[in-house]
Amino acid sequence: MAGIDGLINLVVVYATLALAVWAFVDAIIRPAAAFVAAGKLSKPGWMAITGLATLLLLWQGPLSFLGLPAVIAAVVYLVDVRPAVRGLPRGNSSW
C-alpha cells in the first residue's frame, strides 16, 4: 500500500476501530438498569455485540465480509442505544 490509497485505507481502519472501542467502553460504563429502563437489549448483550465488533475489526478490518456488519453494530449502538441510555437519570435520587 503506497500513496494516497494506503493513507485512506489506514484512516478508515483506525477510525472504525476507534468507533467500535468507543461503543464497547460506553456499554461497559453505563448502568445495567438503564438498558432495561430504556427498553433496549440488556447490557451484557450490547457488551457482547460491541466487543465482538471490536475484535472483528482488529482481526479482519472494516472492508471485509464480517467487518462491515461490525461497523454497523457499533454505529447502531452509538446512534440509537447510547442516547436512550444516557438520557436516563442515574440512581434513585428524587432531585
Side-chain angles (χ1 to χ4, degrees):
M1 290 193 301
I4 193 75
D5 293 341
L7 180 64
I8 290 172
N9 189 29
L10 198 61
V11 168
V12 168
V13 167
Y14 284 122
T16 55
L17 184 60
L19 193 76
V21 169
W22 177 27
F24 181 61
V25 169
D26 191 77
I28 290 172
I29 64 171
R30 301 291 171 199
F35 288 86
V36 176
K40 303 296 180 184
L41 185 65
S42 67
K43 179 178 180 168
W46 277 111
M47 286 175 50
I49 291 169
T50 56
L52 183 62
T54 302
L55 290 176
L56 283 171
L57 288 173
L58 273 171
W59 181 44
Q60 291 191 342
L63 301 175
S64 64
F65 179 70
L66 294 175
L68 188 58
V71 172
I72 292 170
V75 168
V76 165
Y77 176 82
L78 291 172
V79 171
D80 182 42
V81 178
R82 182 176 185 261
V85 173
R86 190 173 165 211
L88 297 173
R90 291 181 175 245
N92 292 329
S93 66
S94 61
W95 52 294

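Here the structure is a predicted model, which means the values were calculated and not measured.
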Practice prompt. Evaluate the criterion side-chain contact (heavy atoms from CB on, under 4.5 Å) for residue pair V81 and F35; output intermediate values, then yes/no.
Written response: CA-CA 8 Å; V81 178; F35 288 86; 3.8 Å; yes

Discussion item. Under 4.0 Å between a side-chain nitrogen and a carboxylate oxygen: does that hold for D26 and R86?
Written reply: no

Item to complete: For D80 and K40, run side-chain contact (heavy atoms from CB on, under 4.5 Å): C-alpha distance rounded to whole Å, both residues' side-chain angles, the deciding distance at 0.1 Å, then the answer.
Response: CA-CA 9 Å; D80 182 42; K40 303 296 180 184; 3.2 Å; yes

Worksheet item: Would you say L52 and L57 are hydrophobically clustered, going by side-chain heavy atoms of ILVMFWY under 4.5 Å?
Response: no

Practice prompt. Please answer: with hydrophobic residues joined when any side-chain heavy atoms are less than 4.5 Å apart, are L56 and V76 in the same cluster?
Written response: no

Practice prompt. Is it possible for you to say whether I4 and L10 belong to one hydrophobic cluster, with membership spreading through side-chain heavy-atom contacts below 4.5 Å?
Written response: no

Worksheet item: Is V79 reachable from L41 through a run of I, L, V, M, F, W or Y residues, each pair having side-chain heavy atoms under 4.5 Å apart?
Response: yes

Worksheet entry | Contact summary for F24 and M47, nearest pair of heavy atoms | CE1-O, 3.4 Å

Fill in: Verify same cluster id: I72, V13 (apolar side-chain graph, 4.5 Å)
no

Discussion item. So L68 and L63, do their side chains get closer than 4.5 Å, heavy atoms only?
Written reply: no

Fill in: CH2-CD1 distance between W46 and I28, expressed to the nearest 0.5 angstrom
14.5 Å

Worksheet item: Are any side-chain N or O atoms of Y77 and backbone N or O atoms of A27, one a donor and one an acceptor, separated by less than 3.5 Å?
Response: yes

Item to complete: Of all the heavy-atom pairs spanning A23 and A74, show the shortest one and how long it is.
Response: CB-O, 4.1 Å

